[in-house]
Amino acid sequence: MKTATVIGGKTKLPQQVTILVGIVLLTTLAACQSKPEATMLAPRAIEEENSALPPVFPTLSAESTGGNVGTGTVDQAAMLSVHNRWRADVGSPSLKWSDKLASIAQGWADHLKKDNCAMYHSNNGYGENIYQASPLIWSDGRRDFQHKSPQEVTDAWGNEIKDYNYAANSCSGVCGHYTQLVWKTTKEVGCAMSVCGDNGQIWVCSYYPPGNMVGQRPY
């Protein structure tokens, strides 16, 4: 979507781009995911009792937001509420917010920021959904930060429901973000966001226990 705004007699056209990346471990799902922006891991099961807990990463700082003070924070209550609305629709239990998972998510978001806002997974043993949004790019070269809400981010993952076939446990497009979002046995979530040097942004949500287990349905 482009919105024209007249400033000083010149028409400025902002451009927006969003990219999603989610871990997909379901064999039938992984075979369907071919979009280059969706980085997939090889199918594997992660047993809860054997999951090693990775270290807690530093929390968000003014430096990690590229100077955009206040834009690198996540509204925990809003993020949790939207997650649980999607889960309630399919009868999955509500998630609880985990500060530890949020810290882990922040560490990975900051890592991706330092790698030019690249999109790939941490492979840290937790479930993980990633969302990327570009800056608003104007015709005069200015790049402004997009204010994305927890609902916009979570709904972008949840709207993949249209590509998920429950009966066949497969998808016609990308749907691994959605299945992790509503995975019945997942109990906790923590999310974070980092602002990139060009005013783009990376959102990461970490989940425990992880979803998308091989051969299982999400609910």
Side-chain angles (χ1 to χ4, degrees), residues 1 16-26 28-29 32-33 35 37-38 46 48 60 70-106 108-109 119 121-122 126-133 145-195 201-213 216-219:
M1 179 182 71
Q16 306 178 41
V17 179
T18 56
I19 301 175
L20 311 179
V21 177
I23 289 181
V24 175
L25 302 181
L26 291 170
T28 52
L29 295 181
C32 298
Q33 318 266 355
K35 293 187 177 181
E37 68 272 19
I46 303 173
E48 177 179 349
L60 187 68
T71 60
T73 58
V74 171
D75 186 328
Q76 299 177 9
M79 183 65 84
L80 191 60
S81 176
V82 182
H83 268 70
N84 286 335
R85 284 204 299 271
W86 278 100
R87 293 173 67 83
D89 285 346
V90 295
S92 293
S94 294
L95 298 176
K96 294 182 179 179
W97 184 267
S98 166
D99 288 337
K100 180 174 183 177
L101 290 177
S103 184
I104 291 166
Q106 188 66 70
W108 192 244
M119 297 290 288
H121 284 290
S122 62
Y126 292 106
E128 187 173 83
N129 277 350
I130 304 176
Y131 173 101
Q132 182 191 65
F145 178 79
Q146 287 193 67
H147 288 279
K148 292 290 185 177
S149 69
Q151 180 165 343
E152 288 178 278
V153 173
T154 308
D155 283 352
W157 296 328
N159 286 334
E160 291 176 4
I161 188 175
K162 68 183 184 300
D163 293 324
Y164 178 61
N165 183 320
Y166 182 83
N169 196 29
S170 64
C171 66
S172 56
V174 176
C175 62
H177 313 92
Y178 167 70
T179 53
Q180 173 59 83
L181 177 64
V182 299
W183 198 267
K184 186 174 183 178
T185 58
T186 296
K187 297 178 180 179
E188 297 179 323
V189 65
C191 304
M193 188 264 279
S194 190
V195 182
Q201 60 197 277
I202 294 281
W203 293 65
V204 178
C205 282
S206 298
Y207 302 85
Y208 185 80
N212 290 340
M213 296 296 188
Q216 299 180 24
R217 287 183 169 80
Y219 48 85

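The first residue of the sequence shown is numbered 1, and numbering continues consecutively from there.
- Across F145 and Q201, no two heavy atoms sit closer than the pair CE1-NE2, 3.6 Å.
- Atom CG of residue D89 and atom CG of residue N84 lie 11.0 Å apart, to the nearest 0.5 angstrom.
- Contact of the P218 side chain with the N212 side chain is not registered, since no non-hydrogen atoms from C-beta on lie closer than 4.5 Å.
- Shown here are the side chain to side chain donor-acceptor pair (under 3.5 Å) partners of S94, two or more places apart in sequence or in another chain: there are none.
- Side-chain atoms of D163 do not come within 3.5 Å of backbone N or O of S172 as any donor-acceptor pair.
- Across all non-hydrogen atoms, the minimal contact from Y208 to T186 is O-CG2, 3.8 Å.
- Going from atom SG of C175 over to atom CD of E160 covers 6.5 Å, rounded to the nearest 0.5 Å.
- L181 contributes atom CG, which lies 5.0 Å from atom NE2 of H83 (distance to the nearest 0.5 angstrom).
- For E188, the side chain to side chain donor-acceptor pair (under 3.5 Å) criterion is met by no residue, not counting sequence neighbours.
- Not counting sequence neighbours, S206 has no partner by the side chain to side chain donor-acceptor pair (under 3.5 Å) test.
- Looking at heavy atoms from C-beta onward, Y164 lies in side-chain contact with N169 at the 4.5 angstrom threshold.
- Here the CH2 atom belonging to W183 is positioned 10.5 Å from the OH atom belonging to Y219, to the nearest 0.5 angstrom.
- Environment of NZ in K96: sparse, with no more than 12 heavy atoms of neighbouring residues, nucleotides or ligands closer than 6.0 Å.
- To the nearest 0.5 Å, atoms OH (Y207) and OG (S98) are separated by 12.5 Å.
- At distances below 3.5 Å, at least one donor-acceptor pair connects side-chain atoms of E128 with backbone N or O atoms of S122.
- Legend: residues meeting side chain to side chain donor-acceptor pair (under 3.5 Å) with D155, ordered by chain and number and at least two apart, are W86, Q151.
- The distance from the NZ atom of K162 to the SG atom of C171 is 11.0 Å, given to the nearest 0.5 Å.
- For Y131 (side chain) and E152 (main-chain N/O), no donor-acceptor pair under 3.5 Å exists by modelled atom type.
- Closest approach of Q106 to M193, counting heavy atoms only: NE2-O, 3.2 Å.
- Taking both residues in full, the closest heavy atoms of R217 and A167 are given as NH2-O, 2.6 Å, listed atom of the first, atom of the second, then distance.
- Formation of a donor-acceptor pair under 3.5 Å by the N129 side chain with backbone atoms of H177 is found in this model.
- Counting heavy atoms from C-beta on, the side chains of V153 and W157 come closer than 4.5 Å.
- Side-chain contact between I130 and W108: present, with at least one pair of heavy atoms (C-beta onward) separated by less than 4.5 Å.
- Residues C205 and Q180 are not in side-chain contact: their nearest non-hydrogen atoms beyond the backbone lie 4.5 Å or more apart.
- Legend: residues meeting side-chain contact (heavy atoms from CB on, under 4.5 Å) with A78, ordered by chain and number and at least two apart, are D75, P150.
- Of all heavy-atom pairs between V204 and A105, the closest is O-CB, 3.4 Å.
- Looking at W203 and M79, their side chains come closer than 4.5 Å, going by heavy atoms from C-beta outward.
- When all heavy atoms are compared, the tightest approach of M119 to I202 is SD-CD1, 3.4 Å.
- Listed by chain and residue number, nothing satisfies the ring-ring contact (aromatic ring centres under 6.0 Å, His included) test with Y178 (two or more places apart in sequence, or in another chain).
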